[in-house]
Amino acid sequence: MNTFVFQSPTKVCFGEYLSATAFEVAKDMGAERPLIITDKFLVASGILEPLLNGVRDGGVEPIIFSDVPPDSDVESVNRAAQFGLEQACDAIIAVGGGSVMDTAKAANICLSLGGDLLDYQGLNNIEDPLRPLVAIPTTAGTGSEVSFVAMIKDSAEHRKLVFGSRHLAPNVAILDPVLLISLPPKLTAATGLDALTHGLEALVATVTNSAVSDALAIESARLIFEYLPRATSNGDDMEARSATLVASTMAGIAFSNSGVGIIHALAHATGARFNTHHGITNAVYLPHGMRFNLEYSNAIYGRAARALGFSSSMDDNEASEALVKAVERLLKEVGLPTELKQLGVPEMNEEELQEWVNLVVEDPAIIFNPREASVEDIIGIYKRAY
Amino acid sequence: MPFFSSTEEVQKIMEALWYEIREHQEIALPLLQSKLIVQFHYREPEGRLTVDCSDGQNMLIIWGEYDKKPIVEMFMKADVAHQFWLGNVNVPVYLISGRIVAKGPVNRALALLPVVKPAFKIYPNIFEDTLNRPLVSA
């Protein structure tokens, strides 16, 4: 067995309407004036009311920063941190999808340690604990509520900046499936496929994975295969919403310890260049990335295929191919696109393609991929996915 | 027990290695094209080496203090650096476990990992020639 490190510092709480307890949870960690970071749509939707009432019941008027765009950038983070400093906030409650979570994590760096956000770019270079952070996801996909990483866009450079440290992990994740009920079918499907990609890539990150992360990844995949079609076709199905939410968090813990791989590197680069939705882009690349890795990952994918009931064959090649086909069937069942051109990605000339490949090669996710990818390999996957 | 007995030993080895890398076009050229300034901070024993490729033409190799601000900084034990150049360090594992700390746009530096791999073959000879002792007993 390989040497491995596994950690999951985030306390995970699950329950319907549990978001109403967020202020109490923050208070238990010593907070008196938490900054609520969210987005305008969630504020307007009214689903935050139980949470906000919980704050008011604690004798505090909610302090809300809701100016988080769908794909957060350095400017948004700085604005959130500045607002928190002006309001003398001593903790953060993040309620939203991946962009809100990552904004909250990055803003917490500046709120806690001061200085310029860009000075904290990198991996493991935050040495001190940050202010308490309670994360409440409103999508079931990113796993950001338990991960140690924040990816923030540098709009000028069309790049994602990486911030990674165990201190970035939220102290508490509150999983409240009621918050997901109004999530539209397409976003439900897209975020679910993001979670599935996290699990399936974590599983084959062969130098960093472990039996512990594999178990989380496989069970997470089982829940997504079983419940995502139901959550997509009937948003009110609380059992399906609950299962996909828990699955997303499990996959988040798995990939935080194992890493992701080439599919995420391709999706990050495509998203940074063409503003495509992260979950949908992952979904398009997923079968192609899996096939690219099969030669190196057929044993683990074969094992997963048997565990998930997609194959009874002891031939790993046959079983792993059955897993890829199950992913392709799931994509169709939940109505997601299967080609990049359907996402509005234009055809690239040689020069543009080279620039885009550089983004893929520079993405930190690629170092966890089980198979090394040459420039030709990357272009090959892109063309097959196009 | 650390491989290197003193800062002077680390300096000798790392300077000799990077001077050699500078002569190998297949390694040096992509590094120069990156225009990065990478600073390596070693501990046990202490030391600091900067590789400045910022002008895209000349690779400057500076031991100790350097007046330009590095773009990427890597922090590790000198032993980890030694094992890295022997090809024995699994970088993803070391990053996840915190044995290597990276500051700055680490993705730009990580993208150069495949580029520096040919130096793994150079390092054992440099080690033995510079320190005048066989690698096995180090």
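Keep in mind the model is a prediction, meaning the values are calculated, not measured. Below, chain A is the first sequence line, B the second, and so on; all start at residue 1.
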(message) Whether A:Glu145 and A:Lys105 form a salt bridge (side-chain N of Lys/Arg under 4.0 Å from carboxylate O of Asp/Glu) is what I want to check.
(response) no
(request) Apply side chain to side chain contact (heavy atoms under 4.5 Å, CB included) to the pair A:Ser72 and A:Asp102, showing each step before the final yes or no. (result) CA-CA 8 Å; A:Ser72 190; A:Asp102 284 3; 5.8 Å; no
(message) Looking at chain A, which one of B:Val101, B:Leu110, B:Val106, B:Leu112 has the largest number of heavy-atom pairs inside 4.5 Å, strictly under?
(response) B:Val101
(message) Suppose we screen for salt bridge (charged side-chain N to carboxylate O under 4.0 Å, His left out). Which residues come up paired with B:Glu26, at least two apart in sequence or across chains?
(response) none
(message) Whether the side chain of B:Thr50 engages the backbone of B:Gln39 through a donor-acceptor N/O pair (distance < 3.5 Å, no angle test) should be reported.
(response) no
(message) Which atoms of A:Asn257 are under 4.5 Å from chain B, going by heavy atoms: the side chain, the backbone, both sets, or neither?
(response) backbone
(request) Measure A:Ser165 against the heavy atoms of chain B and call it side chain, backbone, both or neither at under 4.5 Å. (result) neither
(message) Between A:Leu123 and chain B, with a heavy-atom cut-off of 4.5 Å, which part of the residue counts as in contact: side chain, backbone, both or neither?
(response) both
